[in-house]
Amino acid sequence: MSLPPAAKIAFGGDYNPEQWPPAVWAQDYQLFEAARIDTVTLGVFDWALIQPAEDVYDFALLDQIVQRATDEGRSICLATATGAHPAWLARAYPDVTRTDFEGRKHRYGQRHNACPSSPAFRRLSRELARRIAERYAANPAVIAWHIGNEYGGACYCELCAAGFRDWLRKQYTSLEALNAAWYTTFWSHTFAEWDEIEPPSALTEHWRGPDHTAFQGITLDYLRFMSDAMLTNFLDEKAAIRESSPEVPVTTNFMGMYRQIDYHRWAPHLDFVSWDNYPPDDTSQPRMAFTHDLMRGLKDGQPFWLMEQTPSCTACRDINPLKRPGVMRLWSWQSVAHGADSVLFFQLRASRGACEKYHGAVIGHAGRADTRVFREVAELGAELDRLGGATLGARTAARVAMLFDWDSWWALEISDGPSRLVRYQQVVLAYYTALWQAGVDVDVVPVTADLSRYDVVLAPALHMIKGDLPQRLEGVAARGGSVVTTFLSGRVDENDNAFLADVPGPLGPLMGVRVDEWDAREPQFVNPVWLSAGTGHQIEVESRLLFELVIPQGAEVVGSYQADFYAGTPAVTRNRFGSGHGWYVAAGLDQQGVSWVLRQVLAAHDIDLRYPDVPDLETTLRVAPDGTRLLFLLNHRDQPVEVAAIAPGTDLLSGTRIQRGQQITLAPRGVIILHLNADP
Ligand code: GLA
Ligand code: ZN
């Protein structure tokens with residue numbers, strides 16, 4: 001089972017008509033009609049409405065809401081309503097509320113806050129999902145199930161402690177194995193009984209917050225356990241849905257690069273991936289592109305749903321800027337360019353009260369159609385209608401893969417030393433941005449992915465090495481590919497214990513280097529690095545934060561430090577391995593340096609760069625199920641940009657036919673989707 005069946009990109013979003021009187025619904029649907037909104041996500045926060053008391057289920061209002069959407073011809077993504085639990089539940093079953101990292105037992109309030117180990121929460125959430133599915137499964141308008149909402153956070157209660165011990169017993173079988181994995185001889189921590197094990201929190205192993213732990217092993221396992229515990233909640237509800245709805249696909253809305261949950265562990269259990277795109281600022285284009293690619297990579301390249309984005313602004317930040325004219329449209333097409341089969345908003349109509357009353361919505365409090373936001377949404381709706389199904393199910397045929405790994409992310413950021421300033425996302429994004437600027441398609445994949453289809457594999461800051469990954473990376477190079485890795489890679493095994501070997505551990509043979517020492521400095525300290533391709537052409541870039549001192553073991557030197565006692569020693573190396581190469585970047589190069597290295601790598605593989613020298617012009621290529629190739633061009637500037645067409649085709653948005661080499665102008669924040677001619 002995969003995505004819901006569709007004839008076009010699903011367009012619409014979260015709709016909460018239970019918050020206003022039915023008289024307003026008529027106006028809502030008139031406006032949906034005008035904006036060509038065809039899909040509504042219903043009931044995300046309806047638990048208290050549907051079950052006002054433990055033994056009372058009341059579907060009267062939800063029935064009306066679902067019926068109305070059905071009568072109006074809308075497709076429904078129906079939620080299981082468990083994203084926020086009712087007050088009576090917390091009162092009747094105090095174990096439902098979480099205990100936080102500081103050990104404070106929470107009382108009723110907010111949302112997304114049930115203890116995942118609470119038997120009452122598990123029983124009643126499952127029962128609610130079961131009843132909702134049973135009631136609406138036969139309605140053909142229901143095309144997807146939306147379980148919970150934005151799973152996340154953590155709990156440190158006694159039930160979770162017990163759950164953690166069970167999880168550990170399954171994982172390790174014996175305390176000997178656990179003690180070895182956690183390296184408990186250090187600081188006299190050897191556990192003799194399972195019950196001695198406490199969740200790692202501010203009261204136990206941590207100081208200065210969740211990243212500062214005395215024992216990385218226990219903290220890492222707690223992160224894994226919590227991710228699995230919440231997955232169990234999702235699976236409870238999924239199983240309950242399946243009792244009456246075997247065919248309708250289920251999803252839950254992910255949050256992109258969200259550290260707390262290992263989406264690679266979750267993805268196999270979703271029929272399709274969906275996610276909520278709320279970028280931190282409006283200069284996040286490569287970051288958004290990366291996150292879309294990460295989400296697409298969760299299910300081996302299968303398209304995903306963009307479940308939420310704001311049409312205009314958020315409300316939860318200190319400062320909530322507006323999306324400028326054209327930005328909502330541009331970012332919607334960016335999602336499609338990277339694999340989205342839907343464009344959905346939070347929210348279709350604004351709440352009157354509570355913390356999201358100023359959150360952007362397609363329809364504001366006044367219910368007008370003559371607003372800028374509504375007009376832009378309606379124009380996009382018309383455009384999506386005209387496009388029809390051309391992009392549905394299309395795949396990205398990337399030759400470059402980038403590894404992304406939650407374990408490595410966690411291990412790197414909970415490590416004491418060498419530098420708290422090295423952040424996984426920043427390193428990964430620097431490498432991704434270089435590819436984004438070069439106009440190259442990238443698959444962002446788990447470390448377990450099949451790498452045999454890629455010419456280039458990037459593994460930035462791959463701190464933890466698991467399983468047979470070193471052999472598979474060697475396989476890429478052996479057959480002529482290139483593997484690129486960086487400082488702080490290959491440091492620890494799956495338990496976060498150092499390899500008893502030279503750094504970069506099992507990546508050493510492929511990289512042809514050994515790291516003898518490493519230096520970490522304040523952010524203002526710069527060590528210049530000279531990079532040279534061996535053609536005499538040399539550039540100077542900057543490196544910061546982390547500097548590994550490398551002794552080549554066969555690798556040639558591509559870049560070297562220019563300052564300090566290690567001036568003249570290697571900062572970037574390339575090692576011949578089989579018919580390919582292993583590249584090692586030993587320092588935190590600036591963006592120019594990272595881009596220079598990756599351009600060398602791409603050049604060795606004749607990978608087409610699309611508009612590599614036109615800043616902020618993004619391109620992707622998707623291949624539809626019938627083989628049609630669709631080239632997306634996205635101008636992220638608020639100025640027009642003129643370029644020569646790199647291939648002939650027809651722009652699906654304007655209908656214009658374009659010859660190869662023809663000058664084309666992209667309007668400010670403009671988009672072109674070139675349906676490439678079959679014979680280029
Ligand atoms: C999240 C939630 C929504 C809403 C939006 C606001 O994505 O899923 O319920 O709170 O944020 O941005
Ligand atoms: Zn708990």
Side-chain angles (χ1 to χ4, degrees), residues 13-16 18-19 40-47 77 79-85 90 93-106 110-122 125 146-167 198-201 222 225-230 232-233 251-258 261 274-280 291 295 305-317 320-323 328 344-351 353-362:
D14 277 40
Y15 179 48
N16 304 300
E18 62 279 11
Q19 292 181 20
V40 290
T41 300
L42 300 176
V44 179
F45 298 111
D46 280 356
W47 194 339
C77 173
T80 58
T82 53
H85 56 253
Y93 301 99
D95 67 27
V96 167
T97 55
R98 289 184 184 172
T99 296
D100 68 20
F101 180 74
E102 275 77 32
R104 295 174 306 180
K105 166 75 178 157
H106 283 218
Q110 302 187 42
R111 64 168 179 178
H112 301 162
N113 52 2
C115 164
S117 311
S118 154
F121 178 77
R122 293 192 57 188
S125 60
H146 178 300
I147 295 182
N149 194 65
E150 294 194 333
Y151 284 92
C155 180
Y156 297 84
C157 74
E158 287 302 328
L159 289 166
C160 286
F164 183 41
R165 291 177 200 123
D166 287 345
W167 186 94
E198 298 281 356
S201 73
Y222 204 72
F225 157 70
M226 243 323 123
S227 180
D228 283 1
M230 288 186 208
T232 305
N233 294 167
T251 191
T252 184
N253 46 344
F254 286 162
M255 292 181 275
M257 266 192 286
Y258 177 65
I261 304 259
S274 64
W275 84 282
D276 301 344
N277 184 23
Y278 295 101
T291 315
M295 295 293 104
W305 266 25
L306 177 67
M307 187 63 91
E308 295 181 23
Q309 63 172 344
T310 177
S312 54
C313 61
T314 54
C316 59
R317 309 216 157 95
N320 298 280
L322 269 182
K323 288 183 178 170
M328 180 278 295
L344 302 173
F345 298 103
F346 183 91
Q347 49 195 335
L348 294 187
R349 190 180 188 112
S351 319
C355 63
E356 288 177 351
K357 66 176 178 295
Y358 296 134
H359 193 288
V362 173

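FYI, the numbering just counts along the sequence from 1. The shown structure was predicted, so the numbers you read here are calculated from the model rather than taken from an experiment. For ligands, and for the atoms within them, numbers begin at 1 and follow the listed sequence.
If you look at ligand 1, the protein residues with a non-hydrogen atom under 4.0 Å away are F45, R111, N149, E150, N253, D276, Y278, E308, F346, E356, H359.
Between Y222 and F225, the ring planes are tilted. Angles from 30° to 60° get that label. Taking the six-membered ring where tryptophan is involved, the planes of W47 and H85 are perpendicular, since the angle between them exceeds 60° and thus also 30°.
Residues satisfying the side-chain contact (heavy atoms from CB on, under 4.5 Å) criterion with S227, sequence neighbours excluded, are I261, D262, W266.
Residues M295 and L306 form no side-chain contact, since every pair of their non-hydrogen atoms from C-beta on lies 4.5 Å or further apart.
Seen from the Zn ion (ligand 2), atom SG of C157 and atom SG of C115 lie 100° apart in angle, a value rounded to 10°. Here the angle at the Zn ion (ligand 2) defined by SG in C155 and SG in C160 stands at 110°, rounded to 10 degrees.
Using modelled atom types, one finds no donor on one side chain facing an acceptor on the other under 3.5 Å when comparing Q347 with N16.
Each of T41, D14, D276 was scored for a side-chain hydrogen bond (donor to acceptor under 3.5 Å, both in side chains) with N253, with one residue passing: D276.
Residues Y156 and S201 come closest through the heavy atom pair CD2-CB, 3.8 Å.
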